[in-house]
Amino acid sequence: MRKKIRLYKPFVIAGMQETTTYRVNWIFLMLGNVLGCFVSYFVWKAVFLSDPDSSLNGFTLPQMVVYIFLMFLTSTIIFSGGTYDIGEEIRDGTIAMRMIKPISYNATFLFQELGNKIMTVFLLVIPLVVGVEICRTVLLGAVQFNILMFLLYVLSCIFAYLINFFFNICFGFIAFIIKYLWGANMMKNCIIGFLSGSVIPLAFLPEVVRNVFLILPFASLNYTPVMIYMGMYQGAEILYYIGLQVFWVLFFWGLSKLLWSVSTRHLSVQGG
């Protein structure tokens with residue numbers, strides 16, 4: 001274990017340095033996401049104000065506000081850029097340097113992103129959690145923070161990130177064949193944004209469609225952690241959905257191993 005830590009520690013440090021070195025780019029990226037978050041807030045506020053009912057599909061306006069900001073928080077925590085990174089390395093040829101090293105290709109990305117996550121948690125996530133809790137308290141008129149739900153939310157976010165990471169790695173391996181992934185990656189992000197409940201809560205969909213989407217891995221990315229944090233999943237439901245997350249982590253981990261062995265046979269780079 002100590003040998004593994006020493007082996008991958010430089011990648012963690014590199015991820016931390018990347019965040020601090022390109023901090024202006026990181027800040028503008030976060031500001032863009034915050035802007036999108038507030039656009040969603042005003043859209044949903046207009047929807048609720050135009051409806052005479054006090055709630056829609058089990059959501060009140062204060063709950064929807066909390067849902068929007070928790071979605072932003074969760075999306076930030078579980079973000080993984082593996083697809084883009086693999087595509088760029090294949091395009092410019094630098095993947096050759098990573099492949100000749102006697103270490104796991106997937107693990108190098110994982111530990112590099114871990115360094116990025118460490119900086120993101122301290123710089124953004126902690127202040128956002130405090131802000132969300134203040135917002136919940138003001139909107140709902142009482143302190144809503146539940147330490148057990150928060151810990152389950154953190155656990156769910158860990159599994160959600162691993163699903164997202166290995167899924168993006170699997171998707172990134174397509175670049176071994178089609179060479180460039182920018183357009184495909186944009187399409188993938190749009191589809192996942194809808195299937196994961198980032199655009200609209202899955203509770204707003206027809207029951208049959210919702211039940212199908214909840215089984216798919218994409219609901220485990222954003223929707224499951226957020227619903228746990230908000231206390232809308234209880235008891236057996238929480239165990240079921242976290243268990244489903246574990247299943248998808250193992251599925252995409254195994255699939256990434258299989259696709260790696262197949263994809264490398266088709267590797268040809270345009271740069272390097």
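Every value quoted in this text rests on a predicted model; they were computed, and no experiment measured them.
Tracing side-chain contacts under 4.5 Å through hydrophobic residues (I, L, V, M, F, W, Y), one never reaches Ile200 starting from Val208; they form parts of separate clusters. Side-chain heavy atoms closer than 4.5 Å link hydrophobic residues (I, L, V, M, F, W, Y) into clusters, and following such links, even through other members, never connects Val39 to Phe42. Each of Val130 and Phe150 belongs to its own hydrophobic cluster when Ile, Leu, Val, Met, Phe, Trp and Tyr are linked at side-chain heavy-atom distances under 4.5 angstrom. Grouping the Ile, Leu, Val, Met, Phe, Trp and Tyr side chains by contacts below 4.5 angstrom, directly or via other members, places Ile147 with Val66. Each of Ile68 and Ile134 belongs to its own hydrophobic cluster when Ile, Leu, Val, Met, Phe, Trp and Tyr are linked at side-chain heavy-atom distances under 4.5 angstrom.
A donor-acceptor contact shorter than 3.5 Å links the side chain of Lys117 to the backbone of Phe79. Using a distance-only test at 3.5 Å, with no hydrogens or angles considered, a donor-acceptor pair links the side chain of Asn211 to the main chain of Glu207. With hydrogens and angles disregarded, no donor-acceptor distance shorter than 3.5 Å links the side chain of Ser156 to the backbone of Leu152.
Proximity of Met71 to Ser40: side-chain heavy atoms (C-beta onward) are nowhere separated by under 4.5 Å. Under the 4.5 Å side-chain criterion, counting only non-hydrogen atoms from C-beta, Val65 is in contact with Tyr41. Counting heavy atoms from C-beta on, the side chains of Pro201 and Met64 come closer than 4.5 Å. Taking the side chain as every heavy atom from C-beta outward, Tyr161 and Ile158 never approach each other to under 4.5 Å. Residues Val246 and Phe159 form a side-chain contact, since some pair of their non-hydrogen atoms from C-beta on lies under 4.5 Å apart. Leu259 has its side chain out of reach of Ile169: every pair of non-hydrogen atoms, C-beta onward, lies at least 4.5 Å apart. Residues Asn168 and Lys188 are in side-chain contact: their nearest non-hydrogen atoms beyond the backbone lie under 4.5 Å apart. Using a 4.5 Å heavy-atom cutoff, the side chains of Leu110 and Phe165 are in contact.
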Verdict with reasoning, Met230 to Phe59, per side-chain contact (heavy atoms from CB on, under 4.5 Å): CA-CA 11 Å; Met230 295 180 65; Phe59 283 81; 4.3 Å; yes

Evaluation steps, side-chain contact (heavy atoms from CB on, under 4.5 Å), between Met227 and Gln234: CA-CA 9 Å; Met227 296 297 276; Gln234 297 289 334; over 6 Å; no

Trace of the side-chain contact (heavy atoms from CB on, under 4.5 Å) decision for Ile228 with Ile242: CA-CA 10 Å; Ile228 289 174; Ile242 289 181; 4.1 Å; yes

Stepwise side chain to side chain donor-acceptor pair (under 3.5 Å) check, Glu113 with Ser80: CA-CA 7 Å; Glu113 287 194 352; Ser80 175; 3.1 Å; yes

Criterion side-chain contact (heavy atoms from CB on, under 4.5 Å) on Tyr223 and Tyr233, from CA distance to verdict: CA-CA 11 Å; Tyr223 194 72; Tyr233 285 161; 3.4 Å; yes

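Taking CD1 of Ile238 as the reference point, atom CG of Leu155 lies at 10.5 Å (rounded to 0.5 Å). Rounding to the nearest 0.5 angstrom, the gap separating the OG1 atom in Thr224 from the CG atom in Leu244 is 7.0 Å. Expressed to the nearest 0.5 Å, how far OH of Tyr67 lies from OG1 of Thr60 amounts to 14.0 Å. Within the model, atoms CZ of Phe72 and CD1 of Ile77 stand 10.0 Å from one another, a figure rounded to the nearest 0.5 Å. Note that CG of Leu214 is 9.5 Å distant from CD of Glu237, once rounded to the nearest 0.5 Å. Rounded to the nearest 0.5 Å, atoms CD1 (Ile191) and CE (Met187) are 5.0 Å apart.
Between Tyr153 and Tyr229, the ring centre distance stays below 6.0 Å. In this structure, Phe167 has its ring center under 6.0 Å from that of Phe218. For Phe247 and Trp253, the distance between ring centers is not under 6.0 angstrom.
Under the 3.5 Å distance criterion, with hydrogens and angles disregarded, no donor-acceptor pair is assigned to the side chains of Thr74 and Asn222.
Between Ile78 and Ala160, the shortest heavy-atom contact is CG2-CB, 3.8 Å. Considering every non-hydrogen atom in both Ile118 and Val12, the closest pair reads CD1-CG1, 4.1 Å.
Taking the six-membered ring where tryptophan is involved, the planes of Phe251 and Trp248 are perpendicular, since the angle between them exceeds 60° and thus also 30°. Between Phe213 and Phe194, the ring planes are perpendicular. Angles over 60° get that label, and only those under 30° would be called parallel. Using a 30° and 60° split on the angle between ring planes, Phe69 and Phe38 fall in the perpendicular class, above 60°.
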